[in-house]
Amino acid sequence: MESRFDHQAIEPKIYRRWEKSGFFNPDKLPVTHKKSFTIIMPPPNANGALHIGHALFVTLQDLMIRFQRMRGRKTLWLPGADHAGFETQVVFDKKLEKEKRNRFQIPRDKLWQEMWEFTQANRKIMENQLRELGASCDWSRNTFTLDPKIIKTTHETFTQMHKDGLLYRGERIVNWCVKHQTTLSDLEVKYVEREDPLYYIKYGPLTLATVRPETKFGDTAIAVNPKDKRYKKYIGKEIEIETLIGKAKMKVIADAVVDPHFGTGVIKVTPAHDPTDFEIGQRHKLEIREVIGKDGRLNEKTGPYTGMKISEARQRVAEDMKKQGLLVKTDSNYKHSVATCYKCGTTLEPLVMPQWFVRMTEAPKGKKSLRDMAVDAVKSGKIELIPKRMEKVFLHWMKNLRDWNISRQIVWGIKIPAWYRRDEIYVGAEAPREAGWKQDPDVLDTWFSSGQWPYATLNYPKGKDYKTFYPTDMMETGADILFFWVARMIMLGLYRTGKIPFRNVYLHGLVRDKDWQKISKSKGNVIDPLGVAEIYGTDALRMALTVGNMPGSDTAISEDKIRGYRNFTTKIWNASRFVISSYDKKLKVRPRYTKADRAHLKKLQEIKKQVTSDLEKFRFHHAAETLYHYFWHTFADKIIEVNKSRLQGDDLADRAAAQAALLEILEENLKMLHPFMPYVTEEIWARLPHKPRGMLMIEKW
RNA sequence: GCGCGCUUAGCUCAGUGGUAGAGCGACUCGUUUACACCGAGUAGGUCCGGGGUUCGAUACCUCGAGCGCGCACCA
């Protein structure tokens, strides 16, 4: 044996052996593997290379899968790739921008084709990277989120939800990104603190405070708090105001959302351009008067301000009001939070548009609401979140749920299976036969389809896989997509299949750099997992990502840490090399164990018990550390050292005992280390001084 | 505003109702054939602060401070 583990040469060979064995596929595992254990892989976005976060999920999921496979479970780890709707659209938009092109000038079919090719190319790269990271997933079941079966399931769900009254198309106020020219769900809104002028302006006899004077042309009422004595006499009356484009009459209404302590206690109500005002408008049946268009400019209802951008119009309106004596005062540094696009930071424009919404909190007849189904599943313990505290976060979010806008005005996604003709709506994958129906031009929020990933990939409802592997055992994913994805999977899974989609949810945190900085391209601290694996070995990277990584918490990684586990890889290699080379196969003497031998073997059993229990309880960081410490500082530093002389001794029975004990401890360590460090352990396993034996990968734990 | 966390050795973090541990880093010594990608050893902590429960708290409760995060219709 060489004195180093040559990971660059050996890793690819081992992966090929694993893949060729067929054992990644649960159907090809030995028949003794009966009870299933399933993880559906969160499909990585097919719009770029894998990053260190992906390496983390591969590490954790692969270690769970390998552990369970060795424990005799019929393990399925189903891989996939995500078309990642809006996210990919944004990436592709940037690519187009570099090429001095723009998606709004490219025909839909052509754009689709280009994006298809782009994502397929990325997929290939990604899948090979998953292999390099040692992922023992079943490539025969590899699925893309735009595969026909996924689209079919998604359309069926949409249709069924519509029938059940869980979906509606409504003119509601939505979050419009002027740059990306699409609406976003509430989750995709990022609120940022900002300082803006707060203008106190005269509305007839009243004065009110606003940060958006430019929307005044869309005002259709003035509101005060019903309990506010100052304004009681105005409630229900019409007052005359000066609008800058003529005089107008406006009704004063009372609504409890108005905070009497803010500003003057009076607000202007602009139902078309403010979420709160929209709701007030609904309650009081106010006219929705749109004065801002999708282009982010004021429209023809605004007289001289027509065509101006919002920011410009705001200044001009304020100036003009000042000229006319309508501006009472301005607070220049008013702090408030502004809704922005989570991708580009553009201030979102609340606009009223017809969109499809999922009813989250209202129950269809005789059934529970989507929210209640999910809340019950978690509260009852049918689904467990790891760490447990995430359940509180989950429930808190569920409490504040609102209806979910699933329409997106982009090209890249699954088309909404809805058809319109005059005032009629038809829902279904195919257009009705009669002429004149036009399909909804929008696509679905990507999370609507990925929310169905667990049962869609397993071919619900009739597939054999669905019957064998659903509900799945573990959903391992980032804590940052608990709401985006996990919550939706729980709700949609329960709705569609009547069963929970998974029993456990393990949530990992972010991988940060050694200075605890978030990793980003702009900071230049990106760690390429494949690059590090190339230098230090995949096993080292995997250990570095496992040790010290608690569920739900961020973790720090540094080159030093990875190097440390590369050294550990070398340690394993050399300790094994010593045990193997000093093992005398010809020695056919019955071993006579000493007290110390028995104590060592007993300790080994204790370690095994502890590691097993840690793995069962998802305490991977702890299991990894225990093994590291035991192998290095007990086995290598102590046990091997004290046995060196016995291996040369004349007492053959004692010599036999020493070499047998060392070999046994080594074998058990290799097994336990395998889920964490699959490559080096598999390679050593093949070199053990024994009759031909199978792969470590399916060795019994 | 509501909610969730974190605070332990220089750094990254474990951990337990009986006054503390690891890895990395620092320092000292060691070129003993498995391994210098090594070994032996040393230094370093009022376990954020106050109060409480307890025979005993770093650990449990409570208040507070600092930091981080999530949710929310602040006009």
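In what follows, every chain begins at residue 1, and chains take the letters A, B, ... in the order their sequences are listed.
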Check your understanding: In whole Å, what separates the P atom of B/U46 from that of B/U8?
Key -> 12 Å
Practice item. Map A/Asp560 and A/Arg389 onto RNA chain B by nearest heavy atom, then report which one ends up closer to the 5' terminus. Key: A/Arg389
Check your understanding: Which string of ( ) [ ] | and . matches RNA chain B, if you list each base 5' to 3' and count Watson-Crick or G-U pairs only when both distances are under 3.5 Å?
Key -> (((((((..((((.......)))).(((((.......))))).....(((((.......))))))))))))....
Practice item. Could you tell me the separation between the CD1 atom of A/Ile665 and the C1' atom of B/A34, rounded to a whole number of Å? Key: 16 Å
Exercise for review: Please check the phosphate of B/G5 (OP1 and OP2 only) for any side-chain N or O of A/Lys392 closer than 4.0 Å.
Suggested key: yes
Review point. Say you pick atom C1' in B/C11 and the same atom in B/A26; how far apart are they, in whole Å?
Key: 12 Å
Check your understanding: Of A/Gly548 and A/Phe483, whose nearest nucleotide on RNA chain B comes first from the 5' end?
Key -> A/Gly548
Practice item. Answer yes or no on whether A/Lys190 is positioned over the face of A/Tyr342, meaning its NZ or CZ is under 6.0 Å from the six-membered ring centre and within 45° of the axis. Key: no
Practice item. Sticking with atom C1', work out how far B/G17 lies from B/C6, rounded to a whole angstrom. Key: 22 Å
Review point. Do NZ/NE/NH1/NH2 and the carboxylate oxygens of A/Asp219 and A/Lys216 come within less than 4.0 Å?
Key: no
Practice item. With C1' as the reference atom in both, quote the distance from B/G18 to B/U54 in angstrom, rounded to an integer. Key: 12 Å
Check your understanding: In terms of side-chain heavy atoms of A/Asn400, which of B/A22, B/A72, B/G70 is nearest?
Key -> B/A72
Point to revise | Separation of atom NZ in A/Lys399 from atom C1' in B/C4, rounded to whole Å | key: 13 Å
Exercise for review: Whole angstrom is fine here: how far is it from CZ in A/Phe262 over to P in B/C74?
Suggested key: 10 Å
Practice item. Scan A/Ala223 against the nucleic acid and name what it touches under 4.0 Å (heavy atoms): base, sugar-phosphate only, or nothing. Key: nothing
Review point. Counting any heavy atom closer than 4.0 Å, what does A/Met550 reach on the DNA or RNA strands: base, sugar-phosphate only, or nothing?
Key: sugar-phosphate
Study note, to complete from the structure: Side-chain contact check for A/Glu641: nearest option of B/C35, B/C24, B/C13 is B/C35
**Study point:** Residue-phosphate contact under 4.0 Å: A/Tyr334 side-chain N/O, B/A75 OP1/OP2
**Key:** yes
Review point. If only side-chain N and O atoms of A/His336 are considered, is one of them under 4.0 Å from the OP1 or OP2 phosphate oxygen of B/A75?
Key: yes
Study note, to complete from the structure: With sequence neighbours left out, the residues meeting side chain to side chain donor-acceptor pair (under 3.5 Å) with A/Glu641 are A/Lys644
Practice item. Can you tell me the distance, in whole Å, between the CG atom of A/Asp513 and the P atom of B/C24? Key: 20 Å
Review point. With a non-hydrogen cut-off below 4.0 angstrom, is A/Phe278 in contact with a base, only sugar-phosphate, or nothing?
Key: nothing
Check your understanding: What is the distance from NE2 of A/His622 to C1' of B/U12, rounded to the nearest Å?
Key -> 16 Å
Check your understanding: Does the gap between the ring centers of A/Tyr565 and A/Tyr628 come in under 6.0 Å?
Key -> yes
Point to revise | With sequence neighbours excluded, residues passing side chain to side chain donor-acceptor pair (under 3.5 Å) with A/Asp372 | key: A/Ser369
Exercise for review: Return the value, rounded to whole Å, for the distance between atom CG of A/Asp196 and atom C1' of B/C74.
Suggested key: 13 Å
Check your understanding: In whole Å, what is the span from the CD atom of A/Glu625 to the C1' atom of B/U12?
Key -> 11 Å
**Study point:** C1'-based separation of B/A59 from B/A20 [nearest Å]
**Key:** 11 Å
Exercise for review: Could you tell me whether a side-chain N or O of A/Arg371 sits under 3.5 Å from a main-chain N or O of A/Met398, the two making a donor and an acceptor?
Suggested key: yes
Revision key, fill the gap. Among B/A72, B/G70, B/G15, the one nearest any side-chain atom of A/His621 is B/G15
Review point. Reckon A/Val257 touches a base, only the sugar-phosphate, or nothing at all at heavy-atom distances under 4.0 Å?
Key: base
Review point. Expressed as a whole number of Å, how far does the P atom of B/G23 sit from that of B/C38?
Key: 13 Å
Check your understanding: Got a sec, which residues hit side chain to side chain donor-acceptor pair (under 3.5 Å) with A/Thr59, two or more places apart in sequence or on another chain?
Key -> none
Review point. Does A/Pro260 offer a backbone N or O that forms a donor-acceptor pair with the side chain of A/Arg230 under 3.5 Å?
Key: yes
Point to revise | Same-atom distance (P) from B/A34 to B/G21, integer angstrom | key: 33 Å
Check your understanding: Which pairs count as ring pair (Phe, Tyr, Trp, His ring centres under 6.0 Å) when at least one residue sits in residues 256-281 of chain A, sequence neighbours excluded?
Key -> A/Phe262-A/Tyr334
Practice item. Mark up nucleotides 37-44 of chain B, 5' to 3', with B wherever a protein heavy atom is under 4.0 angstrom from a base atom, S wherever such an atom reaches only the sugar-phosphate, and - elsewhere. Key: BSSS----
Review point. Any Lys/Arg nitrogen of A/Glu349 or A/Arg212 sitting under 4.0 Å from an Asp/Glu carboxylate oxygen of the other?
Key: yes
Review point. Closest to the A/His629 side chain: B/C74, B/A75, B/A22?
Key: B/A22
Check your understanding: Rounding to the closest angstrom, what is the interatomic distance between B/U58 and B/A9 at atom P?
Key -> 15 Å
Exercise for review: Would you kindly say whether A/Asp539 and A/Thr569 are connected by a side-chain donor-acceptor distance under 3.5 Å?
Suggested key: no
Review point. Per the atom types in the model, does the base of B/A75 pair as donor or acceptor with the side chain of A/Lys268 at under 3.5 Å?
Key: no
Practice item. Could you tell me the separation between the CD1 atom of A/Ile572 and the P atom of B/C35, rounded to a whole number of Å? Key: 17 Å
Practice item. Compare the minimum distances between each of B/A34, B/G70, B/A75 and the side chain of A/Asp259, then state the nucleotide with the smallest one. Key: B/A75
Review point. Can you tell if the side chain of A/Ile519 reaches within under 4.5 Å of the side chain of A/Ile527, non-hydrogen atoms only?
Key: yes
